[in-house]
Amino acid sequence: MKSTACYHLPGLFEFYELYKEFLRLFREHREYFYDWCEIGSIYGAPADCLWGGGRVGFGDASPRDVHALMKEYEISARLTFSNSLLSREHLADRKCNQICDLFEEPGDVQNGVIIHSDLLLNYLQTTYPNLYYVSSTTKVLTDFQDFHRELQREEFRYVVPDFRLNKVLEELGMLSESEKDKVEFLCNECCWFECYDRKNCYESVSRKSLGEECAEHRCVGPDSAEGYRFSKAMSNPGFISVDDIRKVYLPMGFSNFKLEGRGLGSAMALEFLLYYMTKPEYQIHVREAIYLDSMLDLF
């Protein structure tokens with residue numbers, strides 16, 4: 001049984017201004033937040049990164065400012081470099097290498113990379129050996145045996161399964177303790193549970209990151225025109241609630257939980273931080289502190 005949930009939060013570069021205020025509150029007013037949770041990492045990518053994937057990046061914060069903020073609060077930074085279509089010539093990209101060089105700098109907390117391409121993985125292991133690696137949910141590992149094989153790969157510290165494996169509790173319960181420590185559940189996905197086109201969706205993002213001409217991907221979900229709604233995510237069969245974390249997953253021995261949202265805007269990201277981390281009676285205090293910060297544009 002685990003006693004602490006480690007959250008992996010979205011928007012490392014995208015929501016820099018939000019986290020400047022939120023992390024201060026989390027440190028100075030720890031009583032506002034559940035005592036059974038901590039921040040395991042914050043993930044994201046700057047805009048226009050060839051190695052980027054998962055979502056089209058729009059993070060415009062300075063990498064040095066982001067690095068300094070994570071170092072100040074001793075939180076692991078994860079670079080979302082989950083492009084699935086990289087070729088050998090892309091490995092020399094100057095911008096992505098400079099970012100890796102910066103975040104590999106020794107410190108009290110090790111930084112990591114969320115990754116899809118084995119080609120990139122092999123390159124980074126050789127070139128930046130002080131980073132750790134996370135197997136990306138963009139691999140769409142919906143078959144439990146495929147997911148289990150991924151867990152057994154020693155090069156990955158964590159593996160994020162497709163959200164449709166979140167509730168296969170009988171199979172998850174049979175994992176060893178060391179395997180459970182590597183599982184990182186995506187909690188708040190609102191993608192259609194029956195989606196058969198998820199890989200193509202991610203590949204479209206990868207092509208855009210590479211600057212390739214490609215048709216706009218059309219979501220096959222029956223209510224895709226609504227976009228992301230947290231209320232819709234809560235009704236998804238794969239949704240993991242706060243109560244699920246405390247009453248099901250922690251007792252089973254799981255401790256790592258990922259929140260999606262780096263492409264949704266800082267207002268939605270704040271809602272996730274309130275729901276998953278903030279005690280209900282203090283949510284208004286956190287909202288007011290964030291909303292009244294004149295540096296933030298949440299909408």
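Side-chain atoms are counted along with the backbone in the values below, which use heavy atoms only and exclude waters and symmetry mates.
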> To the nearest 0.5 Å, how far apart are CG in Asp244 and OG in Ser241?
Replying inline: 3.0 Å
>> Enumerate the ring-ring contact (aromatic ring centres under 6.0 Å, His included) contacts for residues 262-285, please, sequence neighbours excluded, ordered by first and then second residue.
In response: Tyr7-Tyr276, Tyr32-Tyr282, Tyr32-His285, Tyr228-Phe272, Phe230-Phe272, Phe230-Tyr275, Tyr282-His285
With sequence neighbours excluded, tell me which residues meet salt bridge (Lys or Arg N to Asp or Glu O under 4.0 Å) with [X].
| X | value |
| --- | --- |
| Arg153 | Asp118, Glu150, Glu155 |
| Arg246 | none |
| Glu89 | none |

> Where the side chain of Asn111 meets the backbone of Ser76, is there a donor-acceptor pair that is under 3.5 Å apart?
Replying inline: no
>> Main chain of Thr142, side chain of Asp162: is a donor-acceptor contact present, judged purely on distance under 3.5 Å?
In response: no
Just distance, no hydrogens or angles: give the donor-acceptor pairs under 3.5 Å from side chains in residues 62-74, sequence neighbours left out.
unit_1 : atom_1 : unit_2 : atom_2 : d
Ser62  : OG     : Arg64  : N      : 3.2
Ser62  : OG     : Asp65  : N      : 3.3
His67  : NE2    : Leu102 : O      : 3.4

> Between Ile99 and Pro46, which heavy-atom pair has the shortest distance, and what is it?
Replying inline: CD1-CG, 3.5 Å
Does some side-chain heavy atom of [Y] sit less than 4.5 Å from a side-chain heavy atom of [X]?
| X | Y | result |
| --- | --- | --- |
| Cys100 | Leu124 | yes |
| Val183 | Phe147 | yes |
| Glu171 | His148 | no |

>> According to side chain to side chain contact (heavy atoms under 4.5 Å, CB included), who are the partners of Asp101, at least two apart in sequence or on a separate chain?
In response: Tyr128
